[in-house]
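See below for the structure under consideration.
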Protein chains: 2
Amino acid sequence: MADFSSPSLRRAPPRGDDRLFLTERKLRQGAELMFFAYRDFTEDADKLLTGRDYGRAHHRTLHFIGRQPGISVAGLLEILAITKQSLARVLKPLIADGLVRSETGADDRRKRLLYLTEEGRAFEGQLSLAQRERLTNAFREAGPEAVEGFRRVMALMIDSDRRDDILDFVYSNADAGNVETKE
Amino acid sequence: MADFSSPSLRRAPPRGDDRLFLTERKLRQGAELMFFAYRDFTEDADKLLTGRDYGRAHHRTLHFIGRQPGISVAGLLEILAITKQSLARVLKPLIADGLVRSETGADDRRKRLLYLTEEGRAFEGQLSLAQRERLTNAFREAGPEAVEGFRRVMALMIDSDRRDDILDFVYSNADAGNVETKE
DNA sequence: CAATTTACGTCAGGAGTGTTGACATAAAAA
DNA sequence: TTTTTATGTCAACACTCCTGACGTAAATTG
């Protein structure tokens, strides 16, 4: 926000007006960039999904299971922030199609621990490859400093009350190798 | 993509592995940031929409009509990149509810020129205010350099073949004041 | 001027995602 | 033993997007 109480802004109408105008514009531009960039960002994976009876929700589910093998249904629900009914509609076919394996928890037999199967890992790899290529190109062309700025702004876009939790998750190692940690 | 044939990566396992790991990680982190940030970015406006029989598509439609008063249906379709059937379902209620006004083109009477009504502008203002506040906070806390990096990365995320057109649009002035330029 | 193209509207059907409400079961916890 | 927790599931509804098909008015073209 511009500081309207600033004397320099008050006594210089054209300069002040211009600054305010630029600020408003930049915010609108930022919002539009979010829209256009996100639309194309998801485009590649979406194409791989269509025709398979799968959608973006299936991709996200595969991604987060691959990210944290052995994650429980509740854990997945918390990250995705959807209802269990919504998750069930996505998870059921993934299990039926052999992309995800559900296992009864060892210590807590109520829990269902989720893992990608060999086939699931392969498909998830295909999906993320598309996005990774786009990100790679963007990051490389933009340069390290721009990427750092991107990360900062994106992090600050997240709801402040859950930001720390989300960032802890994003920047945690977990199981980045997507290894099916069975036992 | 990492070059696995690179000698430096081959003869320095820990260092090379680490570099590759960090790169892969950063890409995954970037993808997750896109997901989490976009989800929360749209959250505020979504809340204002629910219960009104309106959705995100209505918001986008209002936004781009407000951005370019007098835009034709075809112009809107090109920006939104959806089918005319999809747009019709959104546009019809907006017109019926008096948020958007459709006018026959003066020079080309086949065209329908779209404008926000007083009420439409008010509602669009409410919607964009929510997003603007989130962006304002993020931009202010991140700092100007980070914002510049954000803009660069986001721009590079857009499909390269339409990137220039999109950026021309985003960074054009058009009618940023949302004035209903009737005549 | 007749034929074609353009801009738009619309009916019909289908897929995917997300929601709320309600009910059921097995297992852990109190 | 009672309650709570983790999960599954049936049903219904809202929003968004798509493809295919048909229709109309107006501009353009030969």
Side-chain angles (χ1 to χ4, degrees), chain A residues 35 38-39 42-43 45-65 70-97 100-114 127, chain B residues 35 38-40 42-43 45-63 65 70-97 100-114 127:
Chain A
F35 167 62
Y38 194 77
R39 186 176 67 184
T42 58
E43 185 188 42
D46 283 352
K47 280 181 189 163
L48 292 172
L49 268 333
T50 55
R52 284 218 196 199
D53 277 12
Y54 292 154
R56 212 173 280 182
H58 299 81
H59 180 192
R60 288 197 285 258
T61 301
L62 289 174
H63 171 89
F64 287 116
I65 294 176
I71 190 173
S72 68
V73 172
L76 209 43
L77 285 177
E78 196 184 342
I79 291 173
L80 295 170
I82 57 177
T83 60
K84 62 177 174 178
Q85 295 92 323
S86 295
L87 178 58
R89 191 185 22 224
V90 168
L91 198 51
K92 202 154 55 168
L94 287 176
I95 293 173
D97 295 346
V100 170
R101 184 164 51 84
S102 174
E103 224 173 79
T104 299
D107 43 314
D108 189 336
R109 293 174 49 76
R110 291 172 304 180
K111 289 188 179 174
R112 296 291 172 269
L113 308 186
L114 305 170
L127 293 172
Chain B
F35 167 61
Y38 193 77
R39 186 176 68 185
D40 287 0
T42 58
E43 186 188 41
D46 283 352
K47 280 181 188 162
L48 291 172
L49 267 334
T50 55
R52 284 215 196 201
D53 276 13
Y54 292 153
R56 210 173 282 181
H58 298 83
H59 179 193
R60 288 197 285 258
T61 302
L62 289 174
H63 171 89
I65 294 176
I71 190 173
S72 68
V73 171
L76 209 43
L77 285 177
E78 196 184 343
I79 290 172
L80 294 170
I82 57 177
T83 60
K84 62 177 175 178
Q85 297 92 323
S86 294
L87 177 58
R89 188 186 26 227
V90 167
L91 198 51
K92 201 153 56 167
L94 287 175
I95 293 173
D97 296 346
V100 170
R101 184 163 51 82
S102 174
E103 225 174 77
T104 299
D107 43 314
D108 190 335
R109 292 175 47 78
R110 290 173 305 181
K111 289 188 179 173
R112 297 290 172 268
L113 309 186
L114 305 170
L127 293 171

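Each chain gets a letter, A, B and so on, in the order the sequences are listed, and its residues count up from 1.
- When the C1' atom of D:dT16 is taken as reference, atom NE2 of B:H59 falls 16 Å away, rounded to whole Å.
- Heavy-atom contacts of chain A under 4.0 Å fall on DNA chain C between two terminal nucleotides, which in 5' to 3' order are C:dG16 to C:dA28.
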Exercise for review: Report the C-alpha separation of A:D46 and A:R56 in whole Å, then their side-chain angles, then the decisive distance to 0.1 Å, and conclude whether the side chain to side chain contact (heavy atoms under 4.5 Å, CB included) test is met.
Suggested key: CA-CA 6 Å; A:D46 283 352; A:R56 212 173 280 182; 2.6 Å; yes

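- Backbone-only engagement by A:R56 is indicated by non-hydrogen atom pairs under 4.0 Å involving sugar-phosphate atoms exclusively.
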Review point. Does the side chain to side chain contact (heavy atoms under 4.5 Å, CB included) test come out yes or no for B:V73 and B:K84, once each step is laid out?
Key: CA-CA 8 Å; B:V73 171; B:K84 62 177 175 178; 5.6 Å; no

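- Using a 30° and 60° split on the angle between ring planes, B:Y38 and A:Y38 fall in the parallel class, below 30°.
- In this structure, A:I95 places its CD1 atom 12 Å from P of D:dT7, rounding to the nearest Å.
- Within the 4.5 Å cutoff, the side chain of B:I95 has no heavy atoms near those of the B:R101 side chain.
- Distance B:L49 CG to D:dA14 C1': 12 Å, rounded to the nearest Å.
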Review point. How does protein contact run along nucleotides 22-30 of chain D, one letter per nucleotide 5' to 3', with B for base contact, S for sugar-phosphate only, - for none, heavy atoms under 4.0 Å?
Key: ----BS---

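- Residues satisfying the side chain to side chain donor-acceptor pair (under 3.5 Å) criterion with B:S86, sequence neighbours excluded, are B:T83.
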**Study point:** Chi angles and distances behind the side-chain hydrogen bond (donor to acceptor under 3.5 Å, both in side chains) call for B:S72, B:R112
**Key:** CA-CA 5 Å; B:S72 68; B:R112 297 290 172 268; over 6 Å; no

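- Rounded to an integer number of Å, the gap from NE2 of B:H58 to P of D:dC15 is 7 Å.
- Heavy atoms of B:S72 sit under 4.0 angstrom from primed sugar atoms or phosphate atoms, though from no base atom.
- Atom NE2 of B:H59 is separated from atom CG of B:L127 by 4.5 Å, given to the nearest 0.5 angstrom.
- Heavy atoms of B:R52 sit nowhere under 4.0 angstrom from any nucleic acid atom.
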Practice item. Test side chain to side chain contact (heavy atoms under 4.5 Å, CB included) on B:I71 and B:I79 and set out the steps. Key: CA-CA 10 Å; B:I71 190 173; B:I79 290 172; 3.8 Å; yes

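- Separating the CD atom of A:Q85 from the C1' atom of D:dA14 is a distance of 15 Å, rounded to the nearest angstrom.
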Check your understanding: How far apart are the C-alpha atoms of B:D97 and B:D53, what are their side-chain angles, what is the distance that settles it, and do they pass the side chain to side chain contact (heavy atoms under 4.5 Å, CB included) test?
Key -> CA-CA 11 Å; B:D97 296 346; B:D53 276 13; over 6 Å; no

